[in-house]
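Both backbone and side-chain heavy atoms feed into the values below; hydrogens, waters and symmetry mates do not.
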Amino acid sequence: MKNPVPQAVSLLLEKLMLLVHIRPLAAGSGGETPPPAPGYYDTSCFKRGDLLEVPRTLFIHFGIYLGENRVAHLMPDILPSITADRQQIQQVVTNKRLILGVIARTASIRVDTVEDFAYGGSILVNHMDRLFEDQVLGSEEVARRAEKLVGTTAYSLLWNNCEHFVTYCRYGAAVSFQTDKFCETVKMIIRDQRSVLASVLVGLASIVCLGVAPSTTLPTIFISFFLWMAG
C-alpha cells in the first residue's frame, strides 16, 4: 500500500500554490478583467521560438512565441475534460475555468494572441536563458516542440505547469524554478516550526528536571509556544 503522506503533502502544496496563482479580478467589476485590445504589445521584437514571461503578483506565466502574434502556453482549464467544442475551449480562460482545471488536474496547451496570453502584464523575452548556458535549442525546434504539444494535457501546479512546458521546449529539460523555490520556502517554514517546538520542549524539560527555571526560561517558553501555535 502506498504511503499517503507524500501524496497528502503534494495536494496541500498545490492548494497553497493555487491561492497565490489565480489572476486577481478587477476591483469592483465582479467579473474578469478583459485583455488589452489587439496591437497593445509591440511584437516586432519577438522572434519565433522566443520564451515569453509575464510576471504576476507572486508567480510568473510562461509561453513560447510562434510568430504572427501567436503564443503557445499551458493553462489549467476544465473545459477540455467536459466538451470537445474547440470554439468554446479556445475562448479566453476565465478564473472559474482555471480553478476547476487545477482541481480536476486538466489543462490545455493552447495558442492565443500575445494580448490574451499576457493579460495586460509586462513581457520579458528569453529572460531564463541566463540559467541554461549552452542549452538553448534552435528557435525553429523550440517552436515546433511547442506546436507539437498543443492540445489537452494533465496538469499539476507542482509537476506539470506552464514553466515545465516552456523549459522543455526551449532547453530540453522540463523544470520549474518557481515551484522549487515555493517548496523550499514551505520546507523552511516547517523546519522553523520544528525549531520553535523544540525550544518549547527543551524549556519545559529544564523546568521538570531542575525544578526551578531561570528567569528567562518561562518567557521564552511562552513566546515560543505562541509562535508555534500562530504558525
Side-chain angles (χ1 to χ4, degrees), residues 17-18 20-26 29 31-80 86-102 106-129 136-137 139-157 160-171 174-179:
M17 289 185 72
L18 173 61
V20 293
H21 195 64
I22 300 173
R23 289 188 305 235
L25 298 177
S29 68
E32 299 289 333
T33 304
Y40 180 87
Y41 294 95
D42 179 11
T43 61
S44 62
C45 59
F46 299 161
K47 298 178 182 178
R48 181 171 164 83
D50 280 348
L51 192 159
L52 306 184
E53 300 180 31
V54 179
R56 303 296 189 193
T57 303
L58 294 173
F59 280 83
I60 301 172
H61 188 51
F62 298 87
I64 297 294
Y65 188 64
L66 301 179
E68 301 178 347
N69 199 37
R70 298 175 302 130
V71 182
H73 60 129
L74 189 155
M75 284 284 289
D77 187 5
I78 189 64
L79 281 187
R86 300 306 305 171
Q87 185 175 359
Q88 186 178 1
I89 292 173
Q90 191 55 35
Q91 294 177 2
V92 177
V93 179
T94 62
N95 274 335
K96 183 180 295 185
R97 284 168 58 182
L98 184 151
I99 294 170
L100 292 175
V102 172
T106 303
S108 64
I109 296 172
R110 49 188 288 135
V111 178
D112 285 311
T113 64
V114 171
E115 288 76 19
D116 287 344
F117 160 75
Y119 224 80
S122 58
I123 299 177
L124 301 176
V125 183
N126 299 330
H127 194 243
M128 292 183 69
D129 285 4
V136 181
L137 302 176
S139 297
E140 188 59 29
E141 181 178 356
V142 173
R144 287 179 179 176
R145 282 189 174 208
E147 290 169 337
K148 186 177 180 180
L149 292 173
V150 169
T152 304
T153 184
Y155 184 78
S156 169
L157 279 167
N160 188 38
N161 60 39
C162 61
E163 190 175 4
H164 292 103
F165 164 65
V166 298
T167 52
Y168 167 75
C169 291
R170 188 164 177 86
Y171 311 114
V175 297
S176 175
F177 292 105
Q178 57 185 345
T179 296

* Asked: Between Asp112 and Gln90, is any pair of side-chain heavy atoms under 4.5 Å apart?
  -> yes

* Which heavy atom in Gly121 sits nearest to a heavy atom in Val54, and how many Å separate them? -> CA-CG1, 3.8 Å

* Structure fact -> When rounded to the nearest 0.5 Å, the distance separating CZ of Arg86 from CG of Leu79 is 10.0 Å

* Nearest-0.5 Å distance that lies between atom OG1 in Thr113 and atom OH in Tyr40 -> 13.0 Å

* Backbone N/O of Val142 and side chain of Arg145: donor-acceptor pair under 3.5 Å -> no

* Asked: If you look at every heavy atom in Ile89 and Arg110, which pair is closest and at what distance?
  -> O-NH1, 2.9 Å

* Asked: Hey, is the main chain of Leu51 close enough, under 3.5 Å, to the side chain of Asn126 for a donor-acceptor pair?
  -> yes

* With no hydrogens and no angle check, is any side-chain donor or acceptor of Asn161 less than 3.5 Å from a backbone partner on His164? -> yes

* Which pair of non-hydrogen atoms, one from Met128 and one from Thr167, has the smallest distance, and what is that distance? -> CE-CG2, 3.7 Å

* Asked: Taking Tyr168 for the side chain and Glu163 for the main chain, is one N or O donor matched with an acceptor at less than 3.5 Å?
  -> no

* Mark yes when over 12 heavy atoms from residues, nucleotides or ligands other than Glu68 sit less than 6.0 Å from its CD; otherwise mark no. => no

* Taking the side chain as C-beta and beyond, is there a heavy-atom pair between Lys96 and Ile78 under 4.5 Å? -> no

* To do: Indicate yes or no for a side-chain donor-acceptor contact from Arg170 to the backbone of Val136 under 3.5 Å, with no hydrogens or angles considered.
  => no

* Please test Asn160 against Phe165 for side-chain contact (heavy atoms from CB on, under 4.5 Å), starting from the C-alpha separation and ending with a verdict. => CA-CA 7 Å; Asn160 188 38; Phe165 164 65; 5.8 Å; no

* **Inter-residue atom distance Cys169.SG - Phe62.CZ, 0.5 Å rounding** => 13.0 Å

* Asked: What closest approach, in Å, do Arg97 and Val92 show between heavy atoms, and which atom pair accounts for it?
  -> NH1-O, 3.4 Å

* Report the relative orientation of the aromatic rings in Phe46 and Tyr65; use parallel for angles under 30°, tilted for 30 to 60°, perpendicular for over 60°. => perpendicular

* Asked: Got more than 12 heavy atoms from elsewhere within 6.0 Å of CZ, Arg48?
  -> yes

* What distance separates Asn69 CG from Tyr41 OH, expressed to the nearest 0.5 Å? -> 11.0 Å

* Structure fact -> CD1 of Ile64 to CG of Leu52, rounded to nearest 0.5 Å, is 7.5 Å

* Could you walk me through whether Leu137 and Tyr171 pass the side-chain contact (heavy atoms from CB on, under 4.5 Å) test, one step at a time? => CA-CA 6 Å; Leu137 302 176; Tyr171 311 114; 5.9 Å; no

* Asp77 side, atom CG; Gln91 side, atom CD - distance, nearest 0.5 Å -> 10.5 Å

* Could you go step by step and tell me if Met75 and His61 meet the side-chain contact (heavy atoms from CB on, under 4.5 Å) rule? -> CA-CA 9 Å; Met75 284 284 289; His61 188 51; 3.6 Å; yes

* Structure fact -> All heavy atoms of His73 vs all of Gly63, minimum pair found to be CB-CA, 3.9 Å

* What do the steps show when you test Ser108 against Val93 for side-chain contact (heavy atoms from CB on, under 4.5 Å), and what is the final call? -> CA-CA 10 Å; Ser108 64; Val93 179; 5.7 Å; no

* Closest contact, heavy atoms only, Ser122 versus Pro55 -> O-CD, 3.3 Å

